[in-house]
Structure formats: C-alpha cells, structure tokens
Amino acid sequence: MAATLKPGQGPLDYGNRWWLKLLFGFIFFMLYVPIVTLVAFSFNSDKRGIVWRGFTIDNYAKAWKNDALIEALTNSIVIAIIATIIATVIGAMVAIMLWRFRFPFKGAYEGFMALPIVIPEICMGVALLLFFNESGMMSAVVNTPWPINLSNIIIAHVAFCFPFVAVVVRSRLVGFNRQLEEASKDLGASEWQTFWKVLVPFMMPGLVAGALLAFTLSLDDFVITFFTSGPETVTFPVKVYSLVRRGVSPEINAASTVLIVITIVATVLAMKLQAPEKSGKG
Amino acid sequence: MSEAIVSIKNVSKRFPGGVVAVDNVSIDIAQNEFFALLGPSGCGKTTLLRMISGLETPTGGQIMIGGEDMALTPPNKRPTNMVFQSYAVFPHMTVEDNVSYGLRVTGVPSDETKRRTAEALEMVKLSHLAARKPDQMSGGQRQRVALARALVKRPKVLLLDEPLSALDAKLRDGMRMELTRLQETVGITFIIVTHDQDEALSMASRIAVMDKGAVQQIATPSELYEHPASRFVADFIGKVNLIDAKVLRSVGKHISCEAKGLGKLDLESTGTTGGTVSIAVRPEKLKIGKAEPKAANLIKVEGKVRDVAYYGDTSHVVVSTKDGLDLSINVQNDSREGGAGVERGQKVWVHWSPADSLVLAE
Amino acid sequence: MENWKDSRSVFWTLATPGTLWMFLFFLIPLGFLFVMSFGGKAVIDGQVSITEYDFFPPGLENYIRSFEFTYLRIMWKSIWVSALATALCLVTAYPIAFGICFAPAKWKPLLLLLVILPFWINLLIRTYALIAVFRTQGYVNLTLGWLFGLVGIEFEPLVMLNNNFAVIFGLVYVFMPFMVLPLYATIERLDRSSSKPALISAPRNSPRFLKSRCRLPCQASSPVSFSSSSHALVRS
C-alpha cells in the first residue's frame with residue numbers, strides 16, 4: 001500500500017500510512033473525549049455523573065435555578081462583552097498609531113505594549129490586586145450596584161486583552177495599500193470619511209478576529225479574575241473552580257455546555273461575518 | 001494654444017533628508033491636451049503629478065489649475081482626479097460602489113449619482129459587471145473601474161500615474177487606444193506619467209521629458225523624435241547613434257567638425273560654436289551597401305558587420321569601423337528573401353544624408 | 001509611514017487611551033508589586049499587622065527568602081513540569097500537524113477547525129472535563145476494570161488525579177493545540193517534493209518552532225500561540 005503511489009501523490013504523502021492515520025485519530029480522540037463526555041453527561045440523570053442512567057434535561061433546569069451559578073455566568077458574559085468593546089477600540093487605535101506613525105522610541109513602545117502578552121498572568125493578577133486595594137478602587141466599587149461593581153474586573157480584562165487586539169489588527173493593516181487612502185481623498189472624501197469608508201472596512205476582519213480573541217480571553221480568564229473579583233463579583237470560571245473543589249456535579253456540566261455553545265456560536269458567527277466572499281477564482 | 005488649464009511655475013520639491021525630486025519646473029498645459037510626463041524612474045515625474053493632485057506639497061513655486069492657485073487647496077477639493085498605478089480600487093466595494101464613491105462622499109443627490117455612475121460605467125464598457133467585486137476582475141477591468149471612478153467626478157484634469165505598466169503587452173495596446181478615444185470623447189485634459197517612450201509618443205499631444213527633477217524638453221512627439229534638444233532626450237526617445245565630434249569652425253548656421261571615425265564633416269547647426277558636440281543619427285536613417293556609394297554630399301564610412309539581429313519587419317545591423325566606431329542600422333526587410341542582405345564579418349559601406357544628422361551640444 | 005509631528009492631533013488621539021491604560025493598570029500595579037517586594041509587614045504597637053505594609057527601610061529579605069529550599073523546590077518543579085509538558089506537546093502535536101498537511105485538501109479546513117475549536121472553549125471547563133476521565137471511577141479506570149474483569153484479574157483503580165501525572169497530562173491536553181498551528185504553518189510551507197531530511201529537520205530549526213519550544217507552556221506560550229493562531233484567522 002505504501003509502496004504504490006496514486007497519481008498526484010509524492011513519496012512523502014504520509015497521509016495514507018495507516019499508522020499515521022491511527023495516531024492521528026487517537027490524538028484527536030483524546031482531545032475531544034473529555035469535552036464530548038462533559039456535554040453528554042450534562043444530560044445524564046445520574047446524580048453523581050459516573051454511569052449513564054438515562055437522558056434528562058433536569059440538570060439544565062437545576063443549573064438555571066442555581067442563582068449563584070447563573071449570576072456568575074451573567075457576570076462573565078457582561079464582563080466579556082464590555083471588556084471586548086473597550087479593548088477592541090483601544091487596541092485598534094494603538095494598532096493604527098503603530099502602523100501609521102514614526103516616532104522616537106517606537107521600538108521600546110512596541111515592547112511595552114507587548115508586555116501583557118508575555119508576562120505571567122499570576123504576576124499581573126497579584127499586582128492588580130495590590131493596586132486596587134491600595135488605590136482604594138476596590139473599596140470604592142465594592143458596594144456599588146451591579147454592573148458597576150464589575151468595573152475593576154473589566155479594567156483588568158481590558159488591560160490584558162487590548163494588546164492582543166492591537167497585534168491582530170496591526171497584522172491586518174500591514175497589507176493595506178495606502179494608495180486606497182489617497183484615492184479616497186483624491187475623490188473628494190475628507191480624512192474622517194476616508195477613515196470610516198476605507199480604512200475601517202479594510203480592518204474589519206482584523207477587528208472581528210481581535211474582538212473574538214478578546215472575548216474568549218476575557219471569558220476564559222481565571223487567574224487575573226480570581227485576584228480581582230470580590231464575593232459579589234464571581235465570574236463563571238471562578239465559580240466553577242470553587243464548585244469543583246467540592247466535587248463534580250452534572251449542574252456544572254450543564255452550565256459548561258451552555259458556555260461552550262455560546263462561545264462556539266459566537267466564533268462561527270464571527271468567522272462567517274469576516275469570511276471573504278467566495279470569489280469566482282476560488 | 002488656448003489658455004493654460006494647468007500652469008506650473010518654478011515648482012520644486014525637496015524631501016526631508018535633502019533629496020530634490022523636482023527642481024524648478026515650469027510647464028503650461030492647455031485645455032484638452034493629452035500631456036505626457038516622460039522620464040526614467042526617479043526623475044521626479046510622479047512627484048510632479050502628485051503635487052498637481054495635492055497629495056504632495058511643493059516646497060517652492062506655484063501650481064495653478066483653471067486659473068486658481070492651489071497652494072492651500074487639499075486634494076479632496078481640487079478639480080483633478082487621479083488613476084493610480086496600483087489602480088487603488090476599493091476591494092470591499094462593488095464596481096458600482098467604487099465608481100459612485102466620489103459622488104457619494106461629496107453629497108451629490110442620489111438620483112444624479114445613479115445616472116452619472118451608469119454613464120461612467122457605460123463609457124468604460126463595464127455596465128455588465130457593475131455588481132462584481134474587484135477581486136473577481138482582471139487587471140484591465142480594474143483599470144477601467146479606476147478610470148470610470150475618476151471620470152465620473154468630471155474633473156478639469158485627469159491624472160494618470162503609469163496607467164499601463166501593470167498590464168500585459170496585448171492589453172496595453174488596447175488600453176492605449178481606449179485612453180486616446182476616451183480623452184477625445186470626454187474632452188478634458190489628461191496628464192499621464194510614464195517611463196515608456198512608445199506610450200508617450202503614441203498617445204500624447206505634447207510630452208515633457210524629465211531627468212533628475214528637471215524638464216529637458218517640452219515638445220510634440222515628432223519634434224522630440226526628430227529634433228531632440230539634448231543628448232539625453234535623443235538617447236531616451238528611440239534609438240540613436242551618437243558620434244562624438246570636435247568643432248573646428250563655425251560660420252552662421254554651419255559648422256565644420258572632426259567626427260570620431262568619420263573625419264571632417266560640414267553640418268548644419270544652431271547654437272553650437274565650438275567645443276565638443278554629439279552628432280545624432282537615427283538607425284533607420286542610415287543606409288547600408290556593399291560598394292562605396294557614388295553620390296557626393298553623403299556621409300559615408302566603411303566597416304565590418306559585427307552583428308545582425310532579425311526582427312521580422314526589420315533587421316538591426318551593427319557595423320564597426322576600423323576606428324572603433326559602432327553604428328546601429330535598421331534595415332527594412334522589404335523582400336521575403338535575404339533579410340538584411342548582409343552577413344556577419346562582411347565588409348560594407350554605411351552612408352546617410354547630412355540633413356539627417358543632428359548636432360547636439362554636450 | 002508618517003512622522004508623528006506631521007499630524008500631532010491624530011497621533012495623540014490614537015496614542016492616549018492605550019498608553020494611559022497601560023500606565024495606570026499595568027505599569028503602576030507592577031511597579032507597586034516591585035516596590036513592595038523590598039518591604040515587609042508593618043509592625044504596629046509591637047504586633048505584626050496583616051493588612052499594613054512597611055516599605056522603609058527597603059530590604060532584600062524577601063529575595064533572600066525566595067532562595068530557601070521550599071521555594072527553590074517549587075520553582076524547580078515548575079521548570080521540569082513545563083519542560084516535560086512541552087516535550088509531550090511536541091510529540092503529540094507533530095503527528096497532528098503532519099497529518100493535516102498531508103490530508104486531502106477538502107478535509108483540511110475541517111481538521112484545522114477541529115484543532116482550533118478547543119481554543120474557544122473555556123480552559124477551566126476543559127480542565128474540569130478531565131476529572132471525569134481520570135477520577136477513581138472515571139472512564140480510564142472503568143475501562144481498565146472491565147478489561148481486567150474479562151481476563152479475570154482483580155483490579156485496583158489507579159490514582160490519576162491530584163498528582164504529577166494529572167498536572168502534566170492536563171498541561172499537554174490544554175496546550176497541545178497551541179503547538180499544532182505553528183507547526184502546521186511551517187510544514188505546509190515546505191515543498192512536498194523537497195528531500196526527506198529537509199522535511200523532517202527544517203521545522204525543527206525554524207524560529208517559530210524554536211519559539212514555541214522555548215516558551216514554558218503553562219505561561220507565556222499560550223498567548224503567543226493564541227495570537228499566532230488568530231493571525232492565521234485574519235489572513236485566511
């Protein structure tokens with residue numbers, strides 16, 4: 001089998017070797033088995049979730065009635081949405097600035113902007129905790145009504161998300177033909193019109209990808225949130241962490257499944273939105 | 001010549017860092033002219049075009065369009081439109097949206113926008129592709145979009161930056177005729193920047209040849225070709241044999257000179273009285289023969305054929321004289337047999353009429 | 001690129017929010033942490049306070065303490081666990097990247113999506129999902145128990161949670177997809193007809209690969225690969 005080549009295949013087409021296929025399959029299996037079982041067992045009627053005892057959606061109802069869990073989920077989503085919007089705007093501005101201008105110490109500035117990407121999360125979490133405590137920001141928001149009491153977490157999330165957005169948007173901008181801007185101005189558009197009608201549409205795939213990245217980073221973050229959240233402002237990962245310490249429950253499976261569905265739907269939607277229309281040339 | 005629509009007076013552009021891209025250039029371009037800025041790359045022609053459009057600001061001099069000083073007018077307020085070398089067609093808009101862009105951003109009423117867009121698309125024969133996106137189109141079609149997009153604005157002057165350089169040879173010929181046709185139909189001034197002499201010669205009514213930021217000569221194509229004002233222009237436009245010569249005597253319009261490899265010659269010349277000059281002769285003006293020509297009053301020289309290149313309609317022959325002078329000769333292949341009728345290594349005589357030689361000062 | 005001096009107002013409008021945010025909520029907090037690392041707990045009325053700090057006089061006691069055996073041991077463990085996890089990530093990611101490269105063209109997008117998908121699923125959820133696999137009554141132990149039962153041997157469930165095995169497996173499980181994309185990009189770029197040695201050694205020498213290999217998987221590598229994966233998204 002390996003010795004005979006089909007037309008259009010080179011001697012290095014390992015894709016047809018059975019052992020590679022097997023290994024490939026096995027690794028993918030390992031990758032998805034935990035997630036699939038997590039979803040599957042969210043429909044399990046067994047309380048301890050060990051063996052399959054029949055299909056039910058009770059877990060979802062239970063999770064829905066679990067105020068603490070729902071609150072954490074809402075907090076997470078609200079934080080993620082607000083942080084994403086702010087981070088995308090700020091990140092895009094930084095990206096445009098770095099792309100468009102030459103200025104002194106630009107290299108150092110770029111390195112500075114990349115710091116949140118490389119610095120360990122735990123350092124940032126501890127530092128922000130100290131800062132919020134000492135500056136009085138923690139006590140300032142602790143008794144404010146929802147969702148203002150989330151502002152510290154949102155601030156922290158924006159701080160570690162927007163550099164990622166900047167990187168993504170900037171890499172998109174690199175491909176921009178500046179003659180498009182000139183053409184727009186030449187055709188009578190003002191600087192502002194040119195920005196909105198030419199530059200922003202061009203950046204859109206980058207903005208969507210950056211926003212998506214910020215959204216997932218924010219929704220995903222445990223370490224920094226763990227340090228900056230208070231008892232009233234628990235997010236979903238923090239809540240799951242505290243629940244798991246007391247043991248596995250099908251309710252968590254149900255809530256996790258909901259979150260997985262939300263992220264996947266958001267991802268697919270965003271990808272659809274940014275996908276270039278299929279051209280005739282393929 | 002009617003009144004100048006574009007008047008460039010002593011314009012200079014010095015870039016930060018000291019590079020002088022355009023050096024004290026003055027040109028008047030008349031209404032309805034098809035004007036070409038021709039020169040090798042880096043001669044400042046594109047910078048000059050961009051200064052006319054307002055995308056670049058002159059560091060000295062004045063640019064008037066339609067009688068108004070443009071110094072303080074930004075590009076979006078000028079009565080000029082540009083076709084960019086990269087076309088710069090907006091990739092996220094359909095052809096129709098691209099063409100109507102310039103009208104939409106300036107608040108032209110929507111029914112008028114629609115009508116004018118349709119007209120412009122009709123003019124460049126793209127009506128059937130109005131709903132396409134640029135990435136589904138060929139280079140030539142994108143070029144037409146860029147043209148329509150600029151023409152729909154009804155500018156006083158249309159600026160074209162190397163419009164044909166990105167097209168393949170076949171499309172280029174078609175587009176060249178198309179541009180000339182368009183210019184005649186819309187009746188506005190076209191200023192085209194090109195490094196391709198054929199393009200400039202075949203399309204433009206007048207050409208400014210530029211080198212190192214300065215204008216070398218402004219003339220009609222035939223004048224440029226037959227009466228180049230300098231060695232640079234003669235060399236840049238078409239092929240030319242340049243023969244160094246030393247002026248011995250000058251009387252009125254006649255000079256007597258000692259040319260390298262040709263001996264003493266009496267030629268017509270204006271403006272040269274002494275020193276060294278170049279004698280320029282176009283290759284197609286040279287004749288080649290096996291025997292010494294009988295006629296008097298011809299410039300003639302004996303030499304050996306060094307190279308023969310066959311080009312179908314013509315053959316290019318290079319003849320070396322014993323003094324080391326190389327002469328290129330274009331021979332019409334007017335019969336099916338024989339081609340140039342000479343072979344490499346053959347001894348031949350090259351001759352031409354003194355009236356076909358031009359004396360150029362260094 | 002323009003000089004910032006040519007349009008100062010645009011430059012400052014674009015620069016201010018990001019720079020300010022970074023200063024206020026990143027640099028100042030980190031500076032705070034740094035200054036505090038030289039201080040100690042304040043002593044008020046002869047009692048060591050829990051909440052108050054004392055920065056003066058600054059000292060190096062905290063740094064000296066960090067060289068105590070307890071901390072060194074933890075650091076060392078972090079390092080070797082990271083190194084091992086990285087190596088295992090490589091071993092598992094390589095066949096996947098390789099397989100996708102040589103898969104039929106119509107399958108590639110789907111396979112890549114399958115690799116990317118876990119990125120978008122909450123890290124904690126993915127880790128939580130592992131508990132069900134490895135606990136005493138998890139699938140691994142159940143399967144092994146069933147197999148042993150077939151042969152008729154008594155089976156003692158393995159302890160696979162809350163130990164080094166679980167930590168390393170978890171790290172590999174969570175970070176492996178991050179390694180697939182850079183590897184895939186590198187292998188894909190190689191000419192298929194190139195010689196076998198080149199095919200096998202070139203990815204290993206590529207800077208991108210080295211980058212992902214040198215980073216500790218539990219910390220820095222995740223965002224880096226994350227960003228590179230989203231680059232792929234943007235460019236596709």
Side-chain angles (χ1 to χ4, degrees), chain A residues 10 12-15 20 23-24 27-28 31 33-35 37-38 41 50 90 93-94 96-97 100-103 112-113 115-118 120 126-128 130-131 134 155-156 158-159 162 164 167-168 171-172 205-206 209 213 216 219-220 222 237 240-241 244 248 252 256 259-260 263-264 267, chain C residues 1-4 10-11 13-15 17-19 21-22 25-30 32-33 36 92 95-96 98-99 101-104 114 117-126 128-133 135 137 139 173 176-177 192-193 196 199 219-220 223-224 226-227 230-231 233-235:
Chain A
L12 291 170
D13 271 347
Y14 286 95
L20 192 82
L23 190 61
F24 195 78
I27 295 170
F28 259 112
L31 200 59
V33 133
I35 299 168
T37 45
L38 178 127
F41 274 69
I50 294 169
I90 297 182
M93 286 168 93
V94 169
I96 297 171
M97 179 200 61
R100 184 167 159 183
F101 291 105
R102 220 171 337 121
F103 54 91
F112 169 53
M113 277 293 156
L115 272 181
I117 299 178
V118 289
V126 173
L128 279 167
L130 281 173
F131 173 75
E134 296 296 315
I155 285 172
V158 171
F162 89 81
F164 285 94
V167 168
V168 174
S171 78
R172 169 79 192 167
L213 189 56
T216 11
L219 212 56
D220 212 31
F222 169 73
V240 168
Y241 180 70
V244 169
V248 177
I252 307 177
S256 299
L259 199 64
I260 291 176
T263 24
I264 290 178
T267 310
Chain C
M1 225 177 269
E2 294 165 50
N3 194 322
W4 70 282
V10 180
F11 176 78
T13 317
L14 291 172
T19 315
W21 205 285
M22 277 289 281
F25 305 118
F26 184 77
L27 214 58
I28 292 178
L30 279 183
F32 225 81
L33 190 72
M36 263 182 183
T92 45
I96 291 278
F98 208 81
C101 278
F102 289 104
L114 280 177
L117 206 61
F119 284 149
W120 310 108
I121 295 171
N122 194 300
L123 189 105
L124 216 76
I125 295 178
R126 277 188 286 154
Y128 163 70
L130 280 181
I131 296 177
V133 179
R135 60 185 160 180
Q137 293 132 312
Y139 314 122
Y173 174 68
M176 189 272 280
R192 248 172 229 221
S193 60
K196 196 171 175 178
L199 191 66
Q219 297 289 359
V224 168
F226 216 134
S227 64
S230 47
H231 283 204
L233 260 172
V234 178
R235 295 205 173 125

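These numbers come from the heavy atoms of this one structure, side chains and all, not from hydrogens, waters or symmetry mates. The structure displayed is predicted, hence computed values, not measured ones.
The two atoms that bring R172(A) and P205(A) nearest to each other are CZ-CG, 3.8 Å, heavy atoms only. Heavy-atom minimum distance, N3(C) versus R102(A): N-NH2, 3.5 Å. The two residues P17(C) and M93(A) make their nearest non-hydrogen contact at CG-CE, 3.7 Å.
Residue contact with chain C, scored on non-hydrogen atoms closer than 4.5 Å, involves the backbone and the side chain of L128(A) alike. Only the backbone of L219(A) comes within contact range of chain C, judged by heavy atoms closer than 4.5 Å. In this structure, chain A has heavy atoms under 4.5 Å from both the backbone and the side chain of I96(C). The parts of Y241(A) that come within reach of chain C are both its backbone and its side chain, each placing non-hydrogen atoms under 4.5 angstrom from that chain. With a 4.5 Å cut-off on non-hydrogen atoms, F24(A) touches chain C through its backbone and its side chain both. Only the side chain of P177(C) comes within less than 4.5 Å of a heavy atom in chain A; its backbone stays farther off. Interface residue I155(A): backbone and side-chain heavy atoms are both found under 4.5 Å from chain C.
In this pair, F131(A) and F32(C) present their aromatic rings perpendicular. The plane angle is above 60°, beyond the 30 to 60° band.
Between chain C and the options V126(A), V94(A), V240(A), I260(A), the largest number of non-hydrogen pairs under 4.5 Å is found for I260(A). With chain A as the partner, the residue from L27(C), T19(C), T13(C), I28(C) showing the most heavy-atom pairs under 4.5 Å is T19(C).
In this structure, the ring pair (Phe, Tyr, Trp, His ring centres under 6.0 Å) partners of F25(C), at least two apart in sequence or on a different chain, are W21(C). In this structure, the ring pair (Phe, Tyr, Trp, His ring centres under 6.0 Å) partners of F101(A), at least two apart in sequence or on a different chain, are F11(C).
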Verdict with reasoning, I27(A) to M176(C), per side-chain contact (heavy atoms from CB on, under 4.5 Å): CA-CA 10 Å; I27(A) 295 170; M176(C) 189 272 280; 3.5 Å; yes
